[in-house]
A.B. asks: 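Structure below; questions to follow.
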Amino acid sequence: MKQSIYYLGFLILLSCNSSVSPVVPKIGEKFELAFNQKVTIPSEDIEIEFSDVLEDSRCPEGAACFWAGNAEIVAVFNDNEIHLNTYLEPKKVDLSGYNIALISLVPYPKINQEIKKEEYTATLLVTKN
């Protein structure tokens, strides 16, 4: 009986792990990157990490604002720290023959709800110049 419980637990863990697929981005295709997640583009020898959210002043859903606001993130591209914005410039950065662009940042702010950094996911696009 004890072995059956251990085996069942092992199968549950195994099935949970197999449903999670790692992000394998490709040049010219959008990809999502969770906060503190690091990925590589093996064909280009590129490593990218979403390392920080410096600000998120985007107008919350349900609020009336006089401007759209901005969110600024920090990404590390092959050991080079870059800053990307949702509204202000730079929204994209040219570096080492590549263009790195922030397409979107979720979740979008809501009135009276704080977003923890760990909840953010950035959609990025890397293209060759």
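Bear in mind that the values here come from a model prediction, so they are computed numbers and not experimental data. One is the number of the first residue; the rest follow in order along the sequence. Both backbone and side-chain heavy atoms feed into the values below; hydrogens, waters and symmetry mates do not.
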A.B. asks: List the steps, then state whether side chain to side chain donor-acceptor pair (under 3.5 Å) holds for S51 with E49.
C.D. replies: CA-CA 6 Å; S51 64; E49 179 182 8; 5.7 Å; no
A.B. asks: Evaluate the criterion side chain to side chain contact (heavy atoms under 4.5 Å, CB included) for residue pair L33 and T121; output intermediate values, then yes/no.
C.D. replies: CA-CA 6 Å; L33 202 55; T121 299; 5.8 Å; no
A.B. asks: Give me each pair satisfying disulfide (SG to SG under 2.5 Å) with a member in residues 81-129, each pair once, sequence neighbours excluded.
C.D. replies: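 Residue pairs passing disulfide (SG to SG under 2.5 Å), neighbours aside: none found.
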A.B. asks: Report yes or no: do I48 and I82 belong to one cluster of Ile/Leu/Val/Met/Phe/Trp/Tyr joined by side chain heavy-atom distances under 4.5 Å?
C.D. replies: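 Yes.
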A.B. asks: Under the salt bridge (charged side-chain N to carboxylate O under 4.0 Å, His left out) rule, collect the residues that match up with E47, sequence neighbours excluded.
C.D. replies: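 Expected list: K38.
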A.B. asks: Which other residues end up in the same hydrophobic cluster as L54, if Ile, Leu, Val, Met, Phe, Trp and Tyr are linked when side-chain heavy atoms come under 4.5 Å apart?
C.D. replies: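 ILVMFWY cluster around L54 also holds V74.
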A.B. asks: Once salt bridge (Lys or Arg N to Asp or Glu O under 4.0 Å) is applied, what residue pairs with a partner in residues 67-77 remain, sequence neighbours excluded?
C.D. replies: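 Pairs touching residues 67-77 that pass the test: none.
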A.B. asks: Mind checking whether I27 and I41 have side chains closer than 4.5 Å, heavy atoms only?
C.D. replies: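 In contact.
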A.B. asks: Let me have the donor-acceptor pairs involving side chains of residues 93-101, under 3.5 Å, with sequence neighbours excluded, atom names and distances please.
C.D. replies:
| residue | atom | partner | partner atom | Å |
| --- | --- | --- | --- | --- |
| D94 | OD1 | N99 | ND2 | 2.8 |
| Y98 | OH | E44 | OE1 | 2.5 |

A.B. asks: Quick one: do V126 and F31 satisfy side chain to side chain contact (heavy atoms under 4.5 Å, CB included)? Show the steps, please.
C.D. replies: CA-CA 9 Å; V126 178; F31 62 94; 4.0 Å; yes
A.B. asks: Let me check something: do I73 and I46 share a hydrophobic cluster, defined by ILVMFWY side-chain heavy atoms less than 4.5 Å apart, either directly or through other members?
C.D. replies: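 Cluster IDs for I73 and I46 match.
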A.B. asks: Sequence neighbours excluded, which residues qualify as ring pair (Phe, Tyr, Trp, His ring centres under 6.0 Å) partners of F35?
C.D. replies: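 Counting only residues at least two positions away or on another chain, F35 forms a ring pair (Phe, Tyr, Trp, His ring centres under 6.0 Å) with F50.
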A.B. asks: Let me check something: any side-chain donor-acceptor pairs from residues 104-112 under 3.5 Å, sequence neighbours excluded? List them with distances.
C.D. replies:
| residue | atom | partner | partner atom | Å |
| --- | --- | --- | --- | --- |
| S104 | OG | T123 | OG1 | 3.3 |
| Y108 | OH | C59 | O | 3.1 |

A.B. asks: Report, as yes or no, whether the 6.0 Å neighbourhood of atom CD on E114 holds more than 12 heavy atoms from other residues, nucleotides or ligands.
C.D. replies: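 Open: at most 12 neighbouring heavy atoms sit under 6.0 Å from CD of E114.
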A.B. asks: Could you check if a side-chain atom of L102 sits within less than 4.5 angstrom of a side-chain atom of T86, using non-hydrogen atoms only?
C.D. replies: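 They are in contact (side-chain heavy atoms under 4.5 Å apart), so the answer is yes.
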A.B. asks: Who are the salt bridge (charged side-chain N to carboxylate O under 4.0 Å, His left out) partners of K117, not counting sequence neighbours?
C.D. replies: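 Residues passing salt bridge (charged side-chain N to carboxylate O under 4.0 Å, His left out) with K117: D52.
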A.B. asks: Other members of the hydrophobic cluster containing F66, with the 4.5 Å side-chain heavy-atom rule, please.
C.D. replies: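 Members besides F66, by chain and number: W67, Y87, L88.
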A.B. asks: Could you tell me if the side chain of V39 sits less than 4.5 Å from the side chain of V24, heavy atoms only?
C.D. replies: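 Sidechains of V39 and V24: no contact.
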A.B. asks: Considering only residues two or more places apart or on different chains, which pairs with a residue in residues 68-129 satisfy disulfide (SG to SG under 2.5 Å)?
C.D. replies: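 Applying disulfide (SG to SG under 2.5 Å) to every pair that reaches into residues 68-129, excluding sequence neighbours, yields nothing.
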A.B. asks: Applying disulfide (SG to SG under 2.5 Å), which residue pairs with at least one partner in residues 86-129 are found, sequence neighbours left out?
C.D. replies: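 Of all non-adjacent pairs touching residues 86-129, none passes disulfide (SG to SG under 2.5 Å).
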A.B. asks: Please answer: with hydrophobic residues joined when any side-chain heavy atoms are less than 4.5 Å apart, are L124 and F77 in the same cluster?
C.D. replies: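 The answer is yes; both residues are in one hydrophobic cluster.
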A.B. asks: Among pairs that include at least one residue of residues 69-129, which meet disulfide (SG to SG under 2.5 Å), considering only residues two or more places apart or in two chains?
C.D. replies: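 Those involving residues 69-129 do not exist here.
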